Every structure is written in structure tokens, then in C-alpha cells.
Asks: 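Can you keep this structure in mind? I'll have questions shortly.
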Amino acid sequence: MDATVCIIGCGIAGVAAARRLTQAGFRRVRILEATARSGGRIHTGRLGDNVVEIGANWIHGPSKENPVFCLAASYGLLDPEALTPENQAMDFTGLPQLVHNIFTSSGRKLVPGTILPALEMFYGILEEIQPKEGEHSASLLEVIRSEVHQRAAKMWKDVDAPTRSLRLCVISTLMKYECCFNGTPSMDELDMMAQSRYKALPGRDCTFPGGYEGLIRSLMLELPRALVTYNSPVRCVRWNNTERSESKVILECDGGERLSADHVIVTVPLGFLKKHCSTLFRPPLPLHKSSSIQRLGFGTNNKILLEFDSPWWDPDCDAICFIWEDEDALVDEVTDIQRSWIRKLPAFTVLKPTERYGHVLCGWIAGHESEYMETLPEQEVMRNVTQVIRRFTGNPTITPRRILRSQWFHQPWTCGSYSFTAKGSSEQDIENMMEPLPTEGSQAKPLQVLFAGEATHPHYFSTVHGALLTGWREADRLISHYSTTPSVKHKSQL
Ligand code: 6YU
């Protein structure tokens with residue numbers, strides 16, 4: 001197949017599209033990547049001797065329906081435990097089944113049973129709420145606040161005031177945790193429909209023992225050499241070039257290089273598109289498409305990885321939670337970000353197994369507080385986190401040995417972490433975003449510009465498997481175009 005296909009971005013969506021196309025016989029495929037590396041938001045790094053993930057962490061739902069799991073298994077990249085049928089069959093919706101160490105801002109360590117009523121109420125609400133007719137754009141925060149107050153009045157009416165207040169503070173921590181998971185600044189920005197639109201796959205989430213980038217490396221080995229041009233940011237995609245007889249799409253790169261292609265697959269993150277779509281396309285995107293890009297959500301979730309000489313948490317602990325005892329007003333945002341950004345960090349995950357990682361914790365922080373954290377020197381972040389850990393544990397000697405934090409908001413080619421279902425957005429916005437250009441009904445040459453990337457998957461947005469499937473989807477669109485349009489096939493082969 002001689003049609004020229006240019007893919008913008010060498011994350012998993014771009015790599016997946018290139019692999020599918022080359023395997024189907026497309027000989028002229030090229031990837032232009034802005035940075036010096038492949039993988040995009042799949043980024044494995046080092047903290048001392050440990051392999052750690054700066055971007056994507058887990059295969060969410062590692063089971064047969066998950067193509068990332070199937071590929072990783074076929075390349076031999078997973079631990080035997082992740083491959084067992086039991087692991088693949090586990091259902092993890094609802095109440096998190098992790099062993100927690102829970103600390104409060106007055107230095108108390110709580111027994112897990114203390115927070116159980118709050119956990120049950122919060123995750124019960126998330127599971128049970130269903131949007132009513134016309135309630136499409138209600139924010140999840142409004143719904144949660146009203147539900148918690150109603151249920152607490154009934155279910156906790158005999159509970160003493162301090163216990164009740166503590167449970168509400170626990171719910172504030174859980175909301176901050178949900179902000180991290182959903183990649184949203186606040187539950188107030190999340191659409192109620194989010195819970196039903198995102199589809200979780202079965203299986204207990206697993207990691208890549210040698211790092212997530214192993215998946216990218218394995219896929220890249222199957223691509224022809226020199227298919228990727230690094231350090232080549234695309235500045236402008238000139239499509240619908242009606243004055244040019246061959247009606248090619250022209251790509252202009254930052255360094256001044258110009259390339260022409262029959263088809264371009266754009267896989268740049270939604271964060272980048274939001275910021276640059278007015279200049280990235282000439283002619284500009286149709287209004288319905290650019291409006292959808294602006295309506296959809298793209299937020300920041302960062303990691304603060306800390307290495308310790310020895311653990312200060314229990315041997316069976318999976319996660320450490322911090323409860324601020326003055327947050328019973330059900331808050332998930334900080335008012336004075338510069339002084340109190342650290343309050344937004346709800347929990348640390350313990351990296352396991354210890355034999356592999358040593359004593360490393362991964363703190364999670366979302367939202368504008370996280371974006372502010374990125375602007376601080378690393379030592380300042382370390383000082384703040386250490387202070388909070390010492391305060392909550394009541395142990396003034398705890399001192400991390402090393403720190404590594406991600407800075408996804410200030411990564412110029414990503415501008416955040418991943419997409420979320422913003423209040424007022426709908427599945428139609430995702431449909432609009434993935435719609436190829438020119439849009440249906442146009443007389444111009446079809447499929448000039450196609451769109452892939454995690455934010456364009458209607459159900460698996462924000463995940464690696466979602467991104468991979470969108471790369472395959474757009475590659476398949478071109479493959480079927482050339483296999484069902486003989487005249488087009490003929491022309492391009494001339
Ligand atoms: C997952 C996980 N995970 C943590 C953190 C982050 C993400 N995700 P890419 O950005 O990879 O590639 C685009 C390329 O384009 C890139 O290389 C750019 O440099 C390049 N580019 C941009 N502009 C360009 C230009 N002009 N010219 C040329 N090149 C250009 N996913 O499955 N498991 O544990 C996590 C996590 C900190 C930041 C994650 C996780 C998200 C994935 O990383 C992400 O979706 C894919 O890697 C994106 O691939 P891509 O190819 O599309 O873009 C209810 C409900 C809930 C809904 N949410 C559920 C939450 C699930 C999210 N998971 C949790 C998050 C974690 C921990």
C-alpha cells in the first residue's frame with residue numbers, strides 16, 4: 001500500500017496505529033514525535049536503584065478483554081500471579097479492598113473499622129446514584145454532598161458529634177482520592193454520568209515488573225527501523241488543500257521541516273489540543289469539534305515518590321491515608337493553594353513487592369494544587385511532605401532518603417495527565433472529537449485527518465488500553481477504506 005500515513009505522537013496510540021498499518025501492508029508510515037523518546041504518558045524512570053513509573057502505573061482490568069494485558073502477556077512482561085485465571089476474574093468495583101494505615105492531623109492512628117461507615121456510605125453513593133432525566137450536568141460534588149447529608153441524618157443520628165465529624169472528614173479525603181483517580185481538579189467539575197460512561201474491566205490491576213515502557217519497547221521492535229522522527233513537534237496541520245491537485249495534507253514542524261501525507265493520525269493529548277487547536281489546524285477545526293474539545297475535561301494527577309531507609313508503615317499495609325480533622329464540610333479543594341497545597345494529597349500507595357522496590361511510597365495529588373506543586377523546587381516539596389508525614393504519624397524522625405515527583409501539567413506536549421468527563425460534556429463530545437476530517441457530507445478527499453488517543457475512547461478514556469484501542473480503530477478505518485474503495489486504492493498506487 002503506497003498511501004503515505006503520518007502519525008503525530010509516539011505514545012501508545014501512535015505506536016499501536018503504526019504497528020497495525022505496517023502489519024496490514026502500508027509501506028509509507030511515519031511517526032513524528034515532539035520529544036526525544038517514545039511512550040508519551042507511559043514513562044518509566046528511576047528512584048535510586050528502583051524502577052518506578054512517572055506516568056501510567058497499572059494495567060487496569062488485566063483480563064482477556066484488555067488488549068494491553070494480552071500484549072504484555074504475549075511479550076512475557078508480567079509476573080506469573082497476574083496471569084492466573086483467579087487474578088483475571090477478580091471484580092474490584094465498589095469498596096476498595098486494600099489494607100490501609102490511617103492517620104489524622106492530630107497525630108492519631110485510626111483502626112480501619114473507624115472509617116468503615118464512611119467508606120461504605122461514600123462508595124455506596126457512587127455505586128447507587130443514577131442520573132435522572134434532565135440532570136445530565138449535575139456535578140458529582142453536589143450529588144455527594146446532598147446524599148451524604150441525607151444519609152448521615154438517618155444512619156448516623158445516634159452517633160456522637162466528634163465521631164460524625166471525623167466520618168465527614170474521611171469522606172473529604174475519599175473525594176480527594178477520587179479526584180486523583182478521575183484526574184479532575186474537583187468532584188464539582190465531574191459529570192454525574194462519568195460513573196456510568198467509564199467501563200471497568202475485570203481483573204486485579206497489575207504492574208510491569210520491568211517497567212511499563214517495556215511494552216512500548218516490545219511494540220517498537222516490530223516496527224520498521226527509523227519509522228519515528230524524534231524532536232519533531234508538529235506546529236501546523238494544513239488539510240483541505242483544494243488548490244493542490246494531489247490534495248495532500250501538509251505538516252509543518254517546529255524546525256521548519258514540511259512533509260506531505262495522504263492521511264494524518266493525530267494522537268496528541270487532549271490537554272495539548274485544548275491549548276493549541278486554534279493554531280494546530282489550517283483551516284481551523286469545525287466549530288462542533290473545537291467546542292467538544294473545550295467541553296471535555298483534562299486534568300492533572302501527579303505522583304510524589306519517596307524512598308525511605310526503612311518502613312514506618314505496617315508490613316501488610318497497601319496504602320496510607322491522611323485525614324484532616326477540620327474538613328467535615330465535605331471539601332475536595334484547598335482555598336489557600338500556596339500555603340496549603342499539601343492538604344490535597346489524600347494518600348500514599350506502598351510500592352510492592354518490597355524485594356523489588358525497597359521502601360518506596362507513591363503519593364497522589366490532583367488538581368490545581370498539584371499544578372502548583374510542580375512549580376516548587378523538589379527540596380521544597382520534600383520539606384512539605386516530610387512535615388505532614390511527621391505531623392500525622394507523630395514521629396518527628398521520619399525522613400525520606402530520595403524524592404521524585406512528576407510534572408505532567410508543565411510537560412509542554414501533554415499539558416496535564418488524562419481526560420475526564422467534565423460537567424456539561426457528553427459522549428457526543430467524544431464522538432465529535434474522534435470524527436475524521438473532512439466531516440461527513442463534504443465533497444473533499446475523505447479521511448485526511450484522523451483522531452486517536454485516550455481521550456477519544458468512549459468507555460476506556462484515561463487509560464492505556466483505551467489509547468491503544470483508538471490507535472487500532474483509526475488504523476482499521478484506513479485499512480478498510482483502502483480495501484473497500486477500489487478507485488482510491490488504484491489512485492494511491494499510481
Ligand atoms: C492506565 C494507569 N495512570 C498516571 C499518570 C498519567 C497517566 N494513565 P500520549 O500522551 O502517551 O502520547 C501522545 C504523544 O504525542 C506524546 O509522546 C507527545 O510528546 C506527542 N505530542 C504532543 N504534541 C505533539 C506535537 N505537536 N507534535 C508531535 N508530537 C506531539 N493509564 O491505563 N493505567 O495506571 C494510569 C496514569 C500520572 C499521566 C496515567 C494511566 C493514563 C495513560 O498514561 C494514558 O491514557 C495513555 O498513556 C495515553 O496514551 P496516548 O497515546 O493517548 O497519549 C469512573 C471513572 C473514571 C475514569 N478514570 C479512570 C481512571 C483511570 C486512569 N488511571 C489512573 C492513573 C494512573 C495511575
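Only a predicted model underlies this, so the values are computations on that prediction, with no experimental measurement involved. Remember, it's 1-based here, ligands and their atoms both numbered in the order they're listed.
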Asks: Quick check on contacts: which atoms of ligand 1 are under 4.0 angstrom from a heavy atom of N57?
Replies: 2 (C), 3 (N), 34 (O), 35 (C), 67 (C)
Asks: Checking the N or O distance criterion of under 3.5 Å, is ligand 1 in contact with E454?
Replies: yes
Asks: Do any N/O atoms on T414 end up under 3.5 angstrom from N/O atoms on ligand 1?
Replies: no
Asks: Hey, is N301 touching ligand 1 through its side chain, its backbone, both or neither, going by heavy atoms under 4.0 Å?
Replies: backbone
Asks: In this structure, are over 12 heavy atoms from other groups packed under 6.0 Å from E128 atom CD?
Replies: yes
Asks: Which of the atoms of ligand 1 are close to G39, meaning less than 4.0 Å from one of its heavy atoms?
Replies: 11 (O)
Asks: Go through it in stages, so that I can follow the logic: the residues are D191 and T421, the test is side-chain hydrogen bond (donor to acceptor under 3.5 Å, both in side chains), and I'd like the CA-CA distance, side-chain angles, deciding distance and then a yes or no.
Replies: CA-CA 6 Å; D191 193 276; T421 47; 6.0 Å; no
Asks: Considering both backbone and side-chain atoms of V268, is one of its nitrogen or oxygen atoms within less than 3.5 Å of a nitrogen or oxygen in ligand 1?
Replies: no
Asks: Any cation-pi pair here, K289 with F451, using under 6.0 Å and within 45°?
Replies: yes
Asks: Polar-atom distance check: T463 versus ligand 1, any N or O pair below 3.5 Å?
Replies: yes
Asks: Could you tell me whether T267 and ligand 1 have an N or O pair separated by under 3.5 Å?
Replies: no
Asks: At a 4.0 Å cut-off, with the gap strictly under it, does some heavy atom of F461 reach an atom of ligand 1?
Replies: yes
Asks: Do V464 and ligand 1 have an N or O pair less than 3.5 Å apart?
Replies: yes
Asks: Quick check: does I12 get an N/O under 3.5 Å from an N/O on ligand 1?
Replies: yes
Asks: Is any N or O atom of N182, backbone or side chain, closer than 3.5 Å to an N or O atom of ligand 1?
Replies: no
Asks: Taking all non-hydrogen atoms of both residues, which atom of K64 and which atom of C70 are closest, and how far apart?
Replies: O-SG, 3.2 Å
Asks: For C206 versus L78, what's the shortest heavy-atom pair and its separation?
Replies: SG-CD2, 4.3 Å
Asks: Check whether any side-chain N or O of K176 sits under 3.5 Å from a backbone N or O of E333 as a donor-acceptor pair, and report yes or no.
Replies: no
Asks: Heavy-atom contact under 4.0 Å between G55 and ligand 1?
Replies: yes
Asks: Where does Y198 meet ligand 1, judged by heavy-atom distances below 4.0 Å: at the side chain, the backbone, both, or neither?
Replies: side chain
Asks: We want to know whether E454 and S419 form a side-chain donor-acceptor pair, criterion being a heavy-atom distance below 3.5 angstrom.
Replies: yes
Asks: Check for me whether L32 has a heavy atom closer than 4.0 Å to any atom of ligand 1.
Replies: yes
Asks: Give the atoms of ligand 1, by number and element, whose distance to some non-hydrogen atom of G40 is under 4.0 Å.
Replies: 11 (O), 16 (C), 17 (O)
Asks: Find all atoms of ligand 1 within a distance of less than 4.0 Å from any non-hydrogen atom belonging to A467, and give their numbers and elements.
Replies: 48 (C), 49 (O), 50 (P), 52 (O)
Asks: Give the numbers and elements of all ligand 1 atoms closer than 4.0 Å to a heavy atom of P269.
Replies: 10 (O), 13 (C), 22 (C)
Asks: Please identify which of these residues, T463, L468, I430, T470, meets the side chain to side chain contact (heavy atoms under 4.5 Å, CB included) condition with H457.
Replies: T470
Asks: Taking atom OG of S218 and atom CZ of R19, what is their separation to the nearest 0.5 Å?
Replies: 9.5 Å
Asks: Which of the numbered atoms in ligand 1 are below 4.0 angstrom from a heavy atom of W364?
Replies: 67 (C)
Asks: With under 30° as parallel and over 60° as perpendicular, where do the rings of W313 and F308 fit, or are they tilted in between?
Replies: perpendicular
Asks: With respect to atom 58 (N) of ligand 1, which of S462, G11, S232 exhibits the smallest heavy-atom separation?
Replies: S462
Asks: For L227 and L223, which heavy atoms make the closest approach, and how far apart are they?
Replies: CD2-CD1, 4.2 Å
Asks: As an exercise, state the distance from CG of L450 to CZ of R477, rounded to the nearest 0.5 Å.
Replies: 6.0 Å
Asks: Could you list the atoms of ligand 1 found under 4.0 angstrom from a heavy atom of G9?
Replies: 14 (C), 15 (O), 20 (C), 29 (N)
Asks: Taking the side chain from R473 and the backbone from T456, do they hold a donor-acceptor pair closer than 3.5 Å?
Replies: yes
Asks: Looking only at distance, does E33 have an N or O less than 3.5 Å from an N or O of ligand 1?
Replies: yes
Asks: Just by modelled atom types, is the I8 backbone N or O under 3.5 Å from a matching donor or acceptor in the T267 side chain?
Replies: yes
Asks: Could you tell me whether H60 approaches ligand 1 through its side chain, its backbone, both or neither, with non-hydrogen atoms closer than 4.0 Å?
Replies: side chain
Asks: Any N or O of V234 that comes nearer than 3.5 Å to an N or O of ligand 1?
Replies: yes
Asks: Which part of T470 is near ligand 1, with near meaning a heavy atom under 4.0 Å away: side chain, backbone, both or neither?
Replies: neither
Asks: Record the part of W58 in heavy-atom contact with ligand 1 below 4.0 Å; permitted values are side chain, backbone, both and neither.
Replies: both
Asks: Quick one about T229 and R30 (side-chain donor to acceptor, distance below 3.5 Å, no hydrogens or angles considered), yes or no?
Replies: yes
Asks: Please walk me through it: do K352 and E81 pass salt bridge (charged side-chain N to carboxylate O under 4.0 Å, His left out)?
Replies: CA-CA 13 Å; K352 288 187 173 178; E81 195 201 336; over 6 Å; no
Asks: Using a strict 4.0 Å cut-off to heavy atoms of T35, name the atoms of ligand 1 that fall inside it.
Replies: 19 (O)
Asks: Run the contact test for A455 against ligand 1 with a 4.0 Å cut-off on heavy atoms, strictly below, and give the result.
Replies: no
